[in-house]
Amino acid sequence: MSSVSTGHLLERLSAYAEAAMRDALGIEAPNADVRAATNPRFGDYQINGVLPYAKSLKANPRQLAEKVVAALDTEGVCLAPEIAGPGFINLRLDPAWVAADVAARAFDPRLGVAPVATPQTIIVDFSSPNVAKRMHVGHLRSTAIGDAIVRTLKFLGHKVTGDNHVGDWGTQFGIILWAWKNHRDEAALERDAIGELERLYKLGQAAGKADPAVAEAARLELAKLQSGDPENTALWERFVVISRAEAEDVYRRLEVEFDSWNGESHYNDALPGIVDDLLARGLAVETQGAVGIFFDEPDLPDTPYLIRKSDGAYLYATTDIATIHERVDVLGAERIIYVVDVRQSDHFRQLFATCRKIGYGHVTFEHVGFGMMLGADGRPFKTRDGGTVLLESLLDEAEERILPLVQEKWPDASEEDQRKIAAKVGMGAVKYADLAQNLGTDYKFEWDKLLAADGNTGPYLQYTLVRTLSVVREYESRVGAPFAPERATVTLTTDEEKDLAYELVRLGDVVMRVGDSLRPHFLCEYAYNLARRFNAFYAKCPILKAEELLASRMTLTRATWQALEVALTCLNIPRVSRM
RNA sequence: GCGCCCGUAGCUCAGCUGGAUAGAGCGUCGGACUUCGAAUCCGCAGGCCGCAGGUUCGAAUCCUGCCGGGCGCACCA
């Protein structure tokens, strides 16, 4: 193995450990189970993999561990390994190796983290707002988490398409078309196009519920649209354009971009063929006039997965299957990730089971489900009068709340600049709060907590990055020249320097882990720990007045800056140079 | 009724898919700016991991049963 760093330390230690287990124990493809040590007393990393083999090899685990240690060559990365407890092998990184590794990577924009050896073609389906509806807080999690997953996977070198599968087709259009034709207000449309569409939709929905004749009329409008009626098609296109413009405003503020916008309507033409094919192959059957797929797996719902209604119309499920056909057969997707509300998990389990039946067993399907956003009172997050909180107003409020602090800390800046910073800090704080919490369960949204610069928050990370930049700026103004890569060197003298350096070499492992687990909060946790260690280092160790340690401490600062850049870029939290 | 998810410090949450003596933040209390940005840092206190069994070298993590909460259950997406 080459001794050149790839930035993936865990991978490297695993390779060493597995080679040793193979040689010493004769195991074909051993699982060394190398991981970060659970406690500093046990070193930095531990090899846990020997223990499980003790039984099958009918041997004393400690003796096995001794054999493995004898065969273990870490090429200078670690000090002499130790055997502890029932058969753990504790690894301590060689501080000299860590120092050299950090120094070698400090100026690299990727902090030396190499792309994966085998890139995959991956589709991430996220955000997906509905046409004729403003984006509200419910869209935030999908957008922020999906975007972070896309960016992290791209950073790892995968071929990723972030797709906005917008809800631009289906039942709701019958309702909007009916409401448009009967209740539209042109003046309101001029003033606030999306607001007017939203009003019409709500009005149509209520009217349809109250009066079956209206519901029937809406269905007829939908049928006309689906059969290509020119008037309805033109209206539909108009609605889509209005909605997209509105959504793009929000995405601009969130600094989120998509690689494609293949909404549901993109798959219309494929729907009949999907149903016919599944019927012909006997995978789907007619049931009570509709067409559905039944499963015998016990943990799947016993209700069929419907792909065609009794009135002949197609469903969400049909579109999703069509979407998968295109993603796999045309785009060559090997992994498809859905970042959607956890409440839809039954739908996705049925969808994935359907895909296995169809023959897409070689494709990895994953549903990244997330919980609801709750208010501080633990109830669904609403406005004071019980309405839905719009994403835009959430961002406005974040900006307003953070602005006074920016004005206080940076009084000589123009108001425009202050607002710019406040917007970036506020938006980052809101997004970060969403990303930092593990997925799955609902999460509590509390302004004071997420806007604080103490604790695991966006502002804290941004502040720390600003500090690193500020040190580098100060260096340049004092020395009169940039801190150049040729000067990179690291000597670890204090605990704070050592803790910081040891955190820096872990970046690649963490990014890798996020790519596998699709849980961005691991990266948040890492960035937070790194920031804490930098701030502890900063408080304890003079940098610019360090005399002979100047270059070393500048290198650590530079590397921290770079690592935070990588983390914040993957999470898509705005990087600011002042705040 | 069936299915899925969750119960960890006063509060908000981690806990690397079974590893060693369970960790952070907030809050409380006490310290640190004539020095690179104090939106920072350091310290103290705080626990029957909902309860009871089981699996094994080893359980907050896996299995079973309770208790308590959330969510979803044919023609919406």
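Proteins come first, then strands; the chains are lettered A, B, ... in the order of their sequence lines, and each starts at number 1. Just so we're clear, the structure is a prediction, and the values are computed from it rather than from any experiment.
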> Should the pair Arg558(A) and Phe483(A) be classed as cation-pi, given the thresholds of under 6.0 Å to the six-membered ring centre and 45° from the axis?
Replying inline: no
Side-chain contact check for Ile543(A): nearest option of C36(B), C13(B), U40(B) is C36(B)
Q | Lys449(A) vs U12(B): side-chain N/O to OP1/OP2 distance below 4.0 Å | A | no
Atom CG of Leu91(A) and atom C1' of A20(B) are separated, to the nearest Å, by 15 Å
Rounded to whole Å, CZ of Arg519(A) lies from C1' of C5(B) at a distance of 14 Å
> Side-chain donor-acceptor pair under 3.5 Å between Tyr432(A) and Asn456(A), yes or no?
Replying inline: yes
Report task. Ignoring backbone atoms, establish whether His521(A) has a side-chain N or O less than 4.0 Å from OP1 or OP2 of G15(B). Result -> yes
- Query: Does a side-chain N or O from Ser470(A) land closer than 4.0 Å to OP1 or OP2 of C36(B), or not?
  - Reply: no
From the candidates C16(B), C76(B), A38(B), the one with an atom nearest any side-chain atom of Leu315(A) is C76(B)
**Prompt:** Is the aromatic ring centre of Phe88(A) closer than 5.5 Å to the centre of the six-membered base ring of G19(B), with the two planes inclined by less than 30°?
**Reply:** no
Picking from C16(B), A14(B), U17(B), the nucleotide nearest the side-chain atoms of Arg513(A) would be C16(B)
Check your understanding: Does the side chain of Asn438(A) get closer than 4.0 angstrom to OP1 or OP2 of G15(B) through an N or O atom?
Key -> yes
Asn535(A) atom CG is separated from G43(B) atom C1', nearest whole Å, by 17 Å
Lys/Arg N to Asp/Glu carboxylate O, Asp417(A) vs Arg419(A), below 4.0 Å:
no
Q. Base, sugar-phosphate alone, or nothing: which one does Ser310(A) contact when heavy atoms must sit under 4.0 Å apart?
A. base
Open item on the list: Just checking Glu297(A): does its CD atom have more than 12 heavy atoms from other residues, nucleotides or ligands closer to it than 6.0 angstrom?
Closed with: yes
Among G37(B), G19(B), G70(B), the one nearest any side-chain atom of Tyr538(A) is G37(B)
Whole-Å distance, Asp296(A) CG to C2(B) P, equals 20 Å
For Arg532(A) and G25(B), is the shortest distance between a side-chain N/O and OP1 or OP2 below 4.0 Å?
yes
- Task: Report yes if some heavy atom in the side chain of Arg141(A) is under 4.5 Å from a heavy atom in the side chain of Val339(A); otherwise report no.
- Result: no
Within the 4.0 Å heavy-atom criterion, would you say Gln344(A) contacts the bases, only the backbone, or no part of the nucleic acid? base
Worksheet item: Any donor-acceptor pair under 3.5 Å joining the side chain of Arg41(A) to the base of U21(B)?
Response: yes
Under 3.5 Å, is there a donor-acceptor pair linking the side chains of Glu11(A) and Ser14(A)? no
Practice prompt. Compare side-chain N and O positions of Arg478(A) against OP1 and OP2 of C36(B) and report whether any pair is under 4.0 Å apart.
Written response: no
Of the candidates A77(B), U40(B), C36(B), the side chain of Asn130(A) sits closest to A77(B)
Next on the checklist: Would you measure the distance from the C1' atom in G25(B) across to the matching atom in G46(B) and give it in whole Å?
Outcome noted: 14 Å
Review point. With a non-hydrogen cut-off below 4.0 angstrom, is Thr287(A) in contact with a base, only sugar-phosphate, or nothing?
Key: base
- prompt: Looking only at atom P, what distance separates A20(B) and C49(B), rounded to whole Å?
  reply: 15 Å
*Can Lys498(A) be said to sit on top of Tyr502(A)'s aromatic six-ring, NZ or CZ under 6.0 Å from centre and within 45° of the ring axis?*
yes
Donor-acceptor pairs under 3.5 angstrom involving side-chain atoms of residues 373-381 of chain A: please list them, not counting sequence neighbours.
residue: Asp377(A); atom: OD1; partner: Arg379(A); partner atom: N; Å: 3.0

OP1, OP2 of C4(B) versus side-chain N and O of Arg343(A): anything below 4.0 Å?
no
Discussion item. Please classify the nucleic acid contact of Pro459(A) as base, sugar-phosphate, or nothing, using heavy-atom distances under 4.0 Å.
Written reply: nothing
Output field dot_bracket for RNA chain B (Watson-Crick or G-U, both distances under 3.5 Å, | for other-strand pairs) contains (((((.(..((((.....[...))))..((((.......))))......(((((..]....)))))).)))))....
From CZ of Arg558(A) across to C1' of C36(B) the rounded distance in Å is 17 Å
Contacts of Pro304(A) and Leu544(A) projected onto RNA chain B by closest heavy atom; the upstream (5') one is Leu544(A)
| request: Select base, sugar-phosphate, or nothing to describe what Cys524(A) touches, counting heavy atoms under 4.0 Å on all strands. | output: nothing
Q: Describe the nucleic acid contact of Ala84(A) in one word from base, sugar-phosphate, nothing, applying a heavy-atom distance below 4.0 Å.
A: base
TODO: Select base, sugar-phosphate, or nothing to describe what Tyr305(A) touches, counting heavy atoms under 4.0 Å on all strands.
DONE: nothing
Q. For C41(B), does either OP1 or OP2 sit under 4.0 Å from a side-chain N or O belonging to Tyr460(A)?
A. yes
OP1 or OP2 of A77(B) sitting under 4.0 Å from any side-chain N/O of Thr171(A)?
yes
Sugar-phosphate, base or nothing in reach of Asp516(A), heavy atoms under 4.0 Å: nothing
What nucleic acid atoms does Ala536(A) come within less than 4.0 Å of, heavy atoms only: base, sugar-phosphate, or nothing? sugar-phosphate
Closest to the 5' end of RNA chain B, once Gln172(A) and Leu300(A) are matched to their nearest nucleotides, is Leu300(A)
Side-chain N or O of Arg349(A) versus OP1/OP2 of G72(B): is the shortest distance under 4.0 Å?
no
